[in-house]
Each structure stands twice: as C-alpha cells, then as structure tokens.
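Owing to the predicted nature of the structure, the values given are computational and were not obtained by experimental measurement.
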Amino acid sequence: MNARNILIAVVVLLAIVVGGGVALIMSVDVNEYKGLIAEEAEKATGRKLTITGEADLSISLSPAISISGVTFANAPWGTRPEMIKLDSFSAEVALMPLIFGDVEVKRLILSGLDVLLETDKKGQGNWVFAKTKSQQDTTTDTSAGDESGGGKLPTVNLVELRDIRLTWRDGQTGAVEQISVTQFEARAGSASSPLDFNLKAALDGKSVTADGRLGPLAELADPTSPWPLKVNLAAGGATISLDGTIAKPMTAQGLNLKLSVKGQDVATLSPWVGTPLPKMGPYAINATVQGSNNLLSFHFFF
C-alpha cells in the first residue's frame with residue numbers, strides 16, 4: 001500500500017470515528033441535564049438556579065451551546081427573589097483546540113442580563129453565599145488543591161453584551177444606582193493579547209460611551225509587569241482620556257496615568273456632580289494621576 005492509500009485510509013477511519021462520535025452527541029438532549037446543572041449550582045452556593053427555557057447544542061467545527069430563561073436566587077433578605085436574571089446565553093468554541101485540552105471561545109453572547117447587587121442593614125452583600133452542608137463537612141486542609149494550580153486561562157475572542165442592567169442597592173443608606181448597558185463588545189486574539197472594547201451605556205439615565213484598549217487578561221494578576229490601558233470616555237458633554245499603566249490592577253495600586261478632560265461648557269457636567277455649575281468654557285484639563293485607590297496624587301499641567 002503506498003503513502004497515498006494509507007493517508008486515504010486514515011482519513012476515512014477518522015471520519016468514521018468522528019462521525020460516530022458526532023452522531024452520538026447529536027442524539028443527546030442537553031435539556032435532560034438542566035436539572036443536574038441546577039442541582040450542582042445549589043450544592044455549591046446554597047441558592048436555587050432555575051432554567052425555564054430551552055438548551056440547545058449544535059456540533060460542527062465550532063460547537064455551540066445556547067440556554068435561555070435562567071434565574072439565580074437572591075439572598076433570603078433581598079429586595080427581590082432573583083439576584084440574577086438572564087434571557088439568553090450562547091457560546092461558540094473552536095473544536096480543534098478543545099481536542100488538545102485548550103478552551104478557545106470564539107464568541108460569547110449574553111442578552112437580557114439583569115444583576116442586582118445589594119447589602120443588608122449590616123453591610124452583608126447578597127453575593128456572599130452561606131456554607132452548604134457539603135462545604136461544612138469539607139476539611140480546611142486545601143494543600144492538595146493548591147498543588148494542582150489554577151490551570152490555563154481560556155481564550156475568549158469575542159464577547160457581546162446586549163441589554164444589560166446592573167443595579168447596586170446600599171441596604172444601610174438606601175441609595176440605589178443603576179447602570180444600563182445597551183451594547184458592549186470586547187475582542188482579543190488570545191488570553192495574552194490586548195483587549196479592544198467599545199461600550200454604550202447609561203448611569204442612572206445619563207448616557208456614557210467608551211472605547212479603548214486594555215492589557216491582556218492573563219496579565220491582570222501579574223505583579224512583575226504593569227498593566228497597560230488606553231480608554232476614551234464621553235459623558236456630560238465631556239471627553240475623558242486615560243493612557244498609562246497600573247502596577248496592580250486587581251487592587252488599583254501603582255497607577256501611572258495621563259488624564260485629559262475636554263468640553264465646551266462646564267455647566268453640562270451639572271447632572272453628574274449633583275449641583276448646578278456655572279456656564280464656563282470651552283475647557284481643557286491635563287494631568288498625571290499616580291498612587292492607589294486610597295491615596296491619589298494629581299499633577300496638573302497646561
């Protein structure tokens with residue numbers, strides 16, 4: 001048998017094996033696993049996860065899964081039954097990297113996401129879950145888990161958020177703030193590639209748009225390399241630009257940024273500062289911002 005015939009035979013064999021596997025997977029109704037997913041989520045968090053919509057799995061060179069009608073229960077003291085409500089979720093992954101143990105998400109879409117973050121009168125957050133019985137029975141020795149490491153970060157090439165609402169409620173003061181995201185899109189070639197994004201949103205009804213480039217997600221927690229960012233934001237008639245690095249972005253420490261604020265009239269910022277401002281402009285402010293979230297220093301220049 002010559003090399004050509006051997007190659008043909010291998011291809012045919014692979015087609016039979018893969019085709020048989022695809023046929024087997026295609027015969028599985030993923031809706032049968034919704035109960036199992038909900039059960040495992042409740043075991044892990046002590047909260048009820050409900051999936052009322054359909055789950056769908058499509059098999060190809062880019063397998064995709066979609067789920068609709070998802071709710072996640074709030075804390076018992078919460079102001080509404082659900083902490084999270086989601087209309088639909090879909091994810092498309094690349095097949096070949098998956099075969100070799102790498103997760104490459106080609107496209108991730110969340111639509112109709114409604115998240116309520118709130119605290120009670122003692123300042124306890126609804127994102128703090130009570131320990132379940134299985135967690136209470138687990139020993140405090142985590143050395144075995146620590147040895148395994150965190151694993152390789154998955155690659156997410158494209159994230160799309162549509163019709164997103166995030167509400168923050170302070171149970172001690174009663175203050176409520178709401179962010180509505182009309183559209184958010186973020187692209188990256190890999191976990192080690194820069195992240196390009198654009199955003200259309202509203203904060204308590206006030207319009208905000210933003211775009212820019214952020215450093216690689218894989219380097220967010222790397223203390224040896226400052227994390228770069230370049231962001232342009234428009235709100236209240238002003239354009240705001242930030243360009244520079246953050247040494248420890250997870251804790252907002254080691255800021256070294258150039259700040260630029262420009263606009264035609266200071267008075268248009270009144271809704272944002274909560275007090276009437278005089279008509280004054282056009283204006284331009286340039287500064288460097290250094291320090292951390294608890295101690296910032298501004299150096300202005302013109």
Taking all non-hydrogen atoms of both residues into account, name the closest pair between [X] and [Y] and its distance.
X: Thr119; Y: Gln172; result: OG1-N, 4.3 Å
X: Ile164; Y: Gly112; result: CD1-N, 4.4 Å
X: Leu220; Y: Met250; result: O-CG, 3.6 Å
X: Asn286; Y: Ser260; result: OD1-OG, 3.4 Å
X: Ser180; Y: Arg165; result: OG-CG, 4.3 Å
X: Tyr283; Y: Ala238; result: OH-CB, 3.3 Å

As an exercise, state the distance from [atom1] of [X] to [atom2] of [Y], rounded to the nearest 0.5 Å.
X: Phe72; Y: Lys85; atom1: CZ; atom2: NZ; value: 15.0 Å
X: Thr245; Y: Leu257; atom1: OG1; atom2: CG; value: 6.5 Å
X: Lys230; Y: Lys258; atom1: NZ; atom2: NZ; value: 10.0 Å
X: Ser66; Y: Ile109; atom1: OG; atom2: CD1; value: 10.0 Å
X: Arg169; Y: Glu177; atom1: CZ; atom2: CD; value: 13.0 Å
X: Ile246; Y: Leu214; atom1: CD1; atom2: CG; value: 9.0 Å

Are there more than 12 heavy atoms of other residues, nucleotides or ligands under 6.0 Å from atom CZ of Arg187?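 No, the 6.0 Å shell around CZ holds no more than 12 heavy atoms from other groups.
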Lys206 atom NZ, neighbour heavy-atom count above 12 within 6.0 Å: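 It does: Lys206 NZ has more than 12 such atoms within range.
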Side chains of [X] and [Y]: closer than 4.5 Å at any heavy-atom pair?
X: Leu110; Y: Leu86; result: yes
X: Val208; Y: Leu233; result: yes
X: Trp227; Y: Asp222; result: no
X: Glu42; Y: Arg47; result: no
X: Ser193; Y: Pro216; result: no
X: Asn126; Y: Val128; result: no

Does [X] belong to the same Ile/Leu/Val/Met/Phe/Trp/Tyr cluster as [Y], with side-chain heavy atoms less than 4.5 Å apart forming each link?
X: Val176; Y: Ile179; value: no
X: Leu116; Y: Val70; value: no
X: Leu158; Y: Leu217; value: no
X: Leu295; Y: Leu255; value: no
X: Leu269; Y: Met280; value: yes

Taking only Lys NZ, Arg NE, NH1 and NH2, and the carboxylate oxygens of Asp or Glu, determine whether Glu160 and Arg107 approach each other closer than 4.0 Å.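 Yes.
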Taking NZ, NE, NH1 and NH2 as the nitrogens, is one of them in Arg80 or Asp114 under 4.0 Å from a carboxylate oxygen of the other?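 Counted as a salt bridge, because a side-chain N and a carboxylate O are separated by less than 4.0 Å.
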Using modelled atom types only, decide if a donor and an acceptor are shared between the side chain of [X] and the backbone of [Y] within a distance under 3.5 Å.
X: Asp163; Y: Leu113; value: no
X: Asp120; Y: Gly123; value: yes
X: Lys200; Y: Ala210; value: no
X: Ser88; Y: Ser68; value: no
X: Ser292; Y: Ala252; value: no

Of Asn232, Asp196, Asp243, which meets side-chain hydrogen bond (donor to acceptor under 3.5 Å, both in side chains) against Arg213?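 Among the candidates, only Asp196 passes.
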Under the side-chain contact (heavy atoms from CB on, under 4.5 Å) criterion, do Asn74 and Glu118 qualify, and how do the steps go? CA-CA 10 Å; Asn74 200 0; Glu118 59 180 336; 2.8 Å; yes
Under the side-chain contact (heavy atoms from CB on, under 4.5 Å) criterion, do Leu259 and Thr288 qualify, and how do the steps go? CA-CA 6 Å; Leu259 169 67; Thr288 58; over 6 Å; no
Assign the ring pair Trp127 / Trp168 to parallel, tilted or perpendicular, where the plane angle (0 to 90°) is split at 30° and 60°.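 Plane angle between 30° and 60°, so tilted.
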Check side-chain hydrogen bond (donor to acceptor under 3.5 Å, both in side chains) between Gln178 and all other residues, then give those that pass, not counting sequence neighbours.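 If we apply the side-chain hydrogen bond (donor to acceptor under 3.5 Å, both in side chains) test to Gln178, skipping adjacent residues, the hits are Thr167.
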Step by step, would you call Ile84 with Thr71 a side-chain contact (heavy atoms from CB on, under 4.5 Å)? CA-CA 6 Å; Ile84 299 173; Thr71 59; over 6 Å; no
Before giving the answer on side-chain contact (heavy atoms from CB on, under 4.5 Å), spell out for Ile65 and Asp56 the whole-Å C-alpha distance, their side-chain angles and the decisive distance to 0.1 Å. CA-CA 6 Å; Ile65 186 169; Asp56 181 65; over 6 Å; no
